[in-house]
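Just below is one structure, and these are the notes that go with it.
Both ligands and their constituent atoms are indexed starting at 1 by order of listing.
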Amino acid sequence: SPAKLLVTGGAGYIGSVCAARLIENGHDVVVLDDLSTGHADAIPDGCRFVEGDAATDAAALLTEGFDGVLHFAAKSLVGESMQDPAKYWDGNVVTSLRLLEAMRRTGTPKLVFSSTAAVYGEPDEVPIRETAPTRPTNTYGATKLAIDHAITSYAAAHGLAAVSLRYFNVAGSYRRFGERHTTETHLIPIVLQVPAGERQQVQIYGDDYPTEDGTCVRDYIHVADLAEAHLLALDKAAAGEHRIYNLGNGTGFSNRQVVDTCREVTGHPIPAVAAERRGGDPAVLVASSERARTELGWQPQRAELAEMVGDAWSFTQSRLPA
Ligand code: UFG
């Protein structure tokens, strides 16, 4: 049934895709975004947009009465989180605590939170289940884990219906919405800058990891499949419970395999050179999403890496000057 939903960070990559899917499913969506990393032209049609901060501006909005909040607004660069931790403890943890308090005061019953595979750190076992130890290797992951703990206590004490979705490596695009960071650090959009003529070559960070070809292995998930998981999570959230789901496809691709797929999709040779390891990178991150499949009924439809890269490439091309 249609719900009135507040989407923080709805002008960002994942937030805009999820907001668009919520609107397409008939929900009444208000996007709250301070446009610090989001883009005004990524706000989906058919929603009300409020330019503001989730820490300070959500409280007044929530007094209107909402059925739930999807909280995407966050700082999300691993490297930056190590250089400037205050930006992450404040921008992620303090902001989320303020939002939780605003939800409690206004009796807003449901929360879907953007958590991350970065909460696990270097895993003992792959695929990673939700029961795996949480030992983040970077400040970004530590802040998302702290918020997960706060949500658990709000569910227990105040009856919040909460779901945290721990995303692995999100890729692809949906309609006119795609990945577009002012400072790009993610592998696929960086690799696609070469065929786009914006970069000469890519650096592969580390080729001596204990993996088949020596480069890091990641589990890629299509942003549209990720959005479906949010719709299911909203449906399944239950008062007083905090559920946690890993979202990935359960298949690992090495950084070299990602570059190869980008070559196949674009037909460009994409020169790649090995470079130093990047600090804080686990060798292998692959999800077990069994829990999301059985409990949410989640079934990814775009599990092929070539399809994700193809959609990312269409998005990149759509933004190139004619
Ligand atoms: N990489 C390169 N060259 C580049 C950029 C990245 O070799 O120019 C490598 C990285 O070192 C890593 C892999 O590509 O081995 C993937 O890196 P990304 O930055 O694309 O993604 P991460 O796996 O580091 O991080 C992503 C999200 C985080 C999230 C994490 C959880 O960006 O927010 O997944 O798995 F926490």
Side-chain angles (χ1 to χ4, degrees), residues 9 12-15 37 72-82 88 91-92 113-123 126-128 132 134-145 147-148 164-172 179-181 183-194 198-221 223 226 246-262 270-289 305 308-309 312:
Y13 169 40
I14 298 168
T37 53
F72 298 94
K75 302 292 165 204
S76 65
L77 301 178
V78 171
E80 184 187 58
S81 78
M82 303 302 283
Y88 283 71
N92 292 351
F113 175 62
S114 299
S115 188
T116 169
V119 301
Y120 295 112
E122 194 74 58
V126 285
I128 302 170
T134 43
R135 298 172 301 215
T137 52
N138 54 62
T139 302
Y140 168 66
T143 63
K144 289 284 184 168
L145 181 60
I147 299 163
D148 275 345
S164 287
L165 300 176
R166 290 182 174 165
Y167 315 155
F168 281 62
N169 288 58
V170 186
E179 189 168 12
R180 177 159 56 109
H181 297 106
T183 319
E184 193 52 75
T185 63
H186 293 126
L187 182 61
I188 292 174
I190 284 181
V191 175
L192 293 177
Q193 286 173 353
V194 180
E198 296 166 345
R199 171 189 292 273
Q200 295 302 314
Q201 60 174 25
V202 292
Q203 295 189 312
I204 297 186
Y205 300 142
D207 64 352
D208 58 352
Y209 283 96
T211 60
E212 208 154 295
D213 67 14
T215 68
C216 290
V217 169
R218 293 290 182 270
D219 184 346
Y220 291 86
I221 171 174
V223 68
L226 188 65
N246 289 346
L247 294 174
N249 280 295
T251 310
F253 292 93
S254 74
N255 293 340
R256 284 202 196 286
Q257 288 176 313
V258 169
V259 175
D260 280 340
T261 303
C262 293
I270 311 183
V273 294
E276 289 295 294
R277 288 185 179 196
R278 189 174 72 176
D281 274 350
V284 180
L285 286 175
V286 176
S288 166
S289 296
L305 184 62
M308 297 181 220
V309 170

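Residues Asp148 and Phe113 form a side-chain contact, since some pair of their non-hydrogen atoms from C-beta on lies under 4.5 Å apart.
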| said: If you apply the rule side chain to side chain donor-acceptor pair (under 3.5 Å), what do you find for Asn249 with Thr251, and how did you get there? | reply: CA-CA 5 Å; Asn249 280 295; Thr251 310; over 6 Å; no
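When only modelled atom types and interatomic distance are considered, Glu80 and Tyr88 share a side-chain donor-acceptor pair under 3.5 Å.
The two atoms that bring Ser115 and Ser164 nearest to each other are CB-CB, 4.2 Å, heavy atoms only. Closest of all the heavy-atom pairs between Glu122 and Ala283 is OE2-N, 3.2 Å.
Among residues two or more places apart in sequence or in another chain, the ring-ring contact (aromatic ring centres under 6.0 Å, His included) test is passed with Tyr220 by none.
Residues of the protein with a heavy atom under 4.0 Å from ligand 1 are Ser76, Thr116, Ala117, Ala118, Tyr140, Asn169, Thr185, His186, Leu187, Ile190, Gln203, Ile204, Tyr205, Cys216, Arg218, Asn255, Arg278, Asp281, Leu285, listed by chain and number.
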